Chemist: 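I'd like to ask some things about the structure below.
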Amino acid sequence: MSQQHSRASTVTVFASPTSWIESDAVAQCHQVAALDGMMHVAAMPDLHPGKGAPIGAAMTSAVLYPFLVGSDIGCGIAVFPVKLRRAVPEKLAARFPDLDRALDPERDAGDPAWDVVKDEIPAGYVEGLGTVGRGNHFVELARIGTVFEPGHAGRLGLDADDLVLIVHSGSRGLGERILRAHTEVHGAGPAPDPDAYLAVHDEAVRWGALNRRLLAARVAHALGFEPTEPIVDQCHNLVEVRDGVYLHRKGAAPGDGRDVLIAGTRGTPSYLVAGHAGPEAGHSVAHGAGRKMSRADALRRGKAKHTVEELRRTPVGSLVVCGDRQLLFEEAPTAYKRIEQVIDDLVRHELATPVATTIPLVTYKTPDQKEQRRRRGRS
DNA sequence: ATGTAC
C-alpha cells in the first residue's frame with residue numbers, strides 16, 4: 001500500500017508493489033485528489049485509467065462531482081441462484097434469448113419476465129429495458145468452484161457445483177442521459193444542486209437493479225429455471241452521502257460488511273467475497289480484474305495472438321456468446337489483470353475474505369450472428 | 001459505456 005498527499009487530500013493505493021498498476025491511472029487519482037473539496041481517494045487493486053477519472057476508486061469529497069461516477073450510473077453485478085438438472089454449455093448457449101432486443105411494455109406485455117416489474121419503472125424510462133449493453137457487461141451462467149467459507153456460502157444457499165447466473169449491467173441510456181444533462185452545462189464541475197442530481201441518480205441506480213433482475217428473468221424463462229431475487233447485488237458506480245460527505249464510487253463496490261461478486265474475465269473464475277473495508281478504503285472493494293490493456297491495444301494485440309475460436313471456447317471449457325469480433329478481442333482474458341492477484345491484494349489489506357469462486361459455463365455478451373440467422377430462418 | 005454521427 002502506498003499513501004501520498006495531494007494538497008490536503010490523500011491517495012491510498014490498495015495494491016502490493018508487485019501488482020501492475022498503470023502510472024496513468026495513479027496520475028488520474030492525484031488529479032482527482034487535487035479537486036476542490038476532495039478529501040480522500042482510495043484506489044482498488046483493479047485500478048485502471050478511465051475517461052477523465054480513474055476506474056477502480058472510491059473518492060470522498062465535500063463536493064459532488066457527477067463525472068467521477070461517469071455515465072453508467074447504477075452499474076453493478078448481481079448473482080442469482082439457478083436450479084437446472086443438467087448444464088451442457090453448448091445446449092444452454094443456444095437457448096439464450098436476444099438480450100440486445102429491449103422489452104417493450106406494450107408489445108411484450110405477455111412476456112413472463114415482466115413479473116419482476118411490480119411497481120412503476122424508475123424515471124419512466126423504457127428504452128433499452130432488459131438489454132445487457134456492451135463493453136464489459138455480460139450475463140454468465142457459472143458453477144460454484146472452490147468454497148473457502150462453507151458456513152458463509154451456506155447462508156447464501158450456495159454449495160460447491162451449484163449453478164448461478166451472474167449479471168453485470170447498468171442503467172443503459174438513462175445514466176448516460178443524466179450525466180450528459182449535467183456535463184452540457186457544467187462540464188466536469190460540481191453538481192450545483194447536489195440533492196437534485198442525487199434524486200435522478202437514485203432513479204438510475206434503481207433502474208440498473210431492476211434491469212439486472214429483468215435480464216435474469218429473461219434468461220430464467222429461456223433456460224427453464226425459476227426466476228428469483230438476487231443472492232447478491234452490489235452497484236459499483238454510484239455516489240452516496242456518508243458521514244455528511246459524498247462518497248463517489250467508480251468501479252468500486254460497497255465493501256462494508258456486504259457480499260460482493262468480483263468479476264474475473266470471460267475465461268477465468270470470479271470471486272464471491274465478504275467485504276469488510278473501512279474508511280481508509282472508502283468502505284469499498286474492487287469490482288473486477290481490471291483492464292491491463294486499453295481496448296485499442298487489446299484489439300491490436302489480440303488479433304495477433306488469438307483466434308476467434310479460442311476466445312469463444314475458453315481455457316476453463318466455457319463458451320462465450322459474442323457475435324461481435326471486435327468486442328471479443330477487446331474483452332479477451334489477456335486484456336485483464338489476473339483476478340487472483342486482485343483478490344490477494346484485497347485479502348492482504350484486510351478489505352475482503354473470499355467465500356467461493358464461480359467458474360464460467362456460458363458467458364453471453366451479444367447475440368451470435370449464426371445463431372440469430374438460424375432463428376430467423378426458422379421463424 | 002453510451003447513443004449517435006460519420
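Everything quoted here is computed from the prediction, not taken from an experiment. Throughout, a chain's letter reflects where its sequence line sits, starting with A, and its residues are numbered from 1. Hydrogens, waters and symmetry mates are skipped; everything else that's a heavy atom, side chains included, is used.
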Chemist: Name the nucleic acid region contacted by A:R172, choosing base, sugar-phosphate or nothing; use a 4.0 angstrom heavy-atom cut-off, strictly under.
Modeler: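 Counting heavy atoms under 4.0 Å across all strands, the contact made by A:R172 is with sugar-phosphate only.
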Chemist: Do the side-chain N or O atoms of A:N237 get closer than 4.0 angstrom to the phosphate oxygens (OP1, OP2) of B:dA1?
Modeler: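 Checking B:dA1 against A:N237, no side-chain N or O comes under 4.0 Å of OP1 or OP2.
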Chemist: A:H287 has an atom NE2; how far is it from atom P of B:dA1, in whole Å?
Modeler: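 So the two atoms are 8 Å apart, to the nearest Å.
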Chemist: Start with the C-alpha distance between A:H201 and A:H182, add both sets of side-chain angles, then the distance that settles ring-ring contact (aromatic ring centres under 6.0 Å, His included), and finish with yes or no.
Modeler: CA-CA 11 Å; A:H201 158 284; A:H182 172 83; over 10 Å; no
Chemist: List the residues meeting salt bridge (charged side-chain N to carboxylate O under 4.0 Å, His left out) with A:R325, not counting sequence neighbours, and say none if there are none.
Modeler: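 Expected list: none.
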Chemist: Can you list the residues that meet the salt bridge (charged side-chain N to carboxylate O under 4.0 Å, His left out) rule with A:D162, with sequence neighbours excluded?
Modeler: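 Result, salt bridge (charged side-chain N to carboxylate O under 4.0 Å, His left out) vs A:D162: none returned.
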Chemist: Mind listing the N/O atom pairs, protein and nucleotides 4-6 of chain B, below 3.5 Å?
Modeler:
none

Chemist: Which residues pass the salt bridge (charged side-chain N to carboxylate O under 4.0 Å, His left out) test with A:R348, not counting sequence neighbours?
Modeler: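 Result, salt bridge (charged side-chain N to carboxylate O under 4.0 Å, His left out) vs A:R348: A:D344.
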Chemist: So A:H48 and A:H287, would you call those rings parallel, tilted or perpendicular, with 30° and 60° as cut-offs?
Modeler: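 Rings of A:H48 and A:H287: parallel, as their planes differ by under 30°.
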Chemist: Using whole Å, report how far CZ of A:R177 lies from P of B:dA1.
Modeler: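 After rounding, the gap between these two atoms is 21 Å.
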Chemist: Without decimals, in angstroms, what is the distance between A:I55 CD1 and B:dT2 P?
Modeler: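 Taking CD1 of A:I55 and P of B:dT2, I get 12 Å after rounding.
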Chemist: Once you round it to whole Å, what is the distance between C1' of B:dA1 and CD of A:E331?
Modeler: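 Distance check: A:E331 CD to B:dA1 C1' gives 11 Å.
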Chemist: Out of curiosity, A:L328 CG to A:L311 CG, how far, rounded to the nearest 0.5 Å?
Modeler: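 If I round to the nearest 0.5 Å, the distance is 4.5 Å.
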Chemist: Can you label the angle between the A:Y65 ring and the A:H248 ring as parallel, tilted or perpendicular, going by 30° and 60°?
Modeler: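 If you compare the ring of A:Y65 with that of A:H248, the planes turn out tilted.
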Chemist: Nearest whole angstrom, please: distance from the C1' of B:dA1 to the CH2 of A:W207.
Modeler: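 From A:W207 CH2 to B:dA1 C1': 13 Å.
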Chemist: I need the CG-P distance between A:N136 and B:dT2, as an integer number of Å.
Modeler: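 Spelled out: CG on A:N136 to P on B:dT2 is 8 Å.
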Chemist: With a 4.0 Å heavy-atom cut-off, tell me which residues in residues 68-78 of chain A come close to DNA chain B, sorted by residue number.
Modeler: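 Those residues whose heavy atoms fall under 4.0 Å from DNA chain B, taken from residues 68-78 of chain A in numerical order, are A:S71, A:D72.
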Chemist: Under the criterion salt bridge (charged side-chain N to carboxylate O under 4.0 Å, His left out), I'd like the reasoning laid out for A:R291 against A:E22: C-alpha separation, chi angles, the key distance, then a yes or no.
Modeler: CA-CA 10 Å; A:R291 293 198 74 84; A:E22 246 180 283; over 6 Å; no
Chemist: Apply side chain to side chain contact (heavy atoms under 4.5 Å, CB included) to A:R143 and list each qualifying residue two or more places apart in sequence or on a separate chain.
Modeler: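 Checked A:R143 against side chain to side chain contact (heavy atoms under 4.5 Å, CB included); matches are A:D161, A:L163, A:I359, A:L361.
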Chemist: CG of A:D324 versus P of B:dT2: gap in Å, rounded?
Modeler: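 One finds 13 Å between P of B:dT2 and CG of A:D324, rounded.
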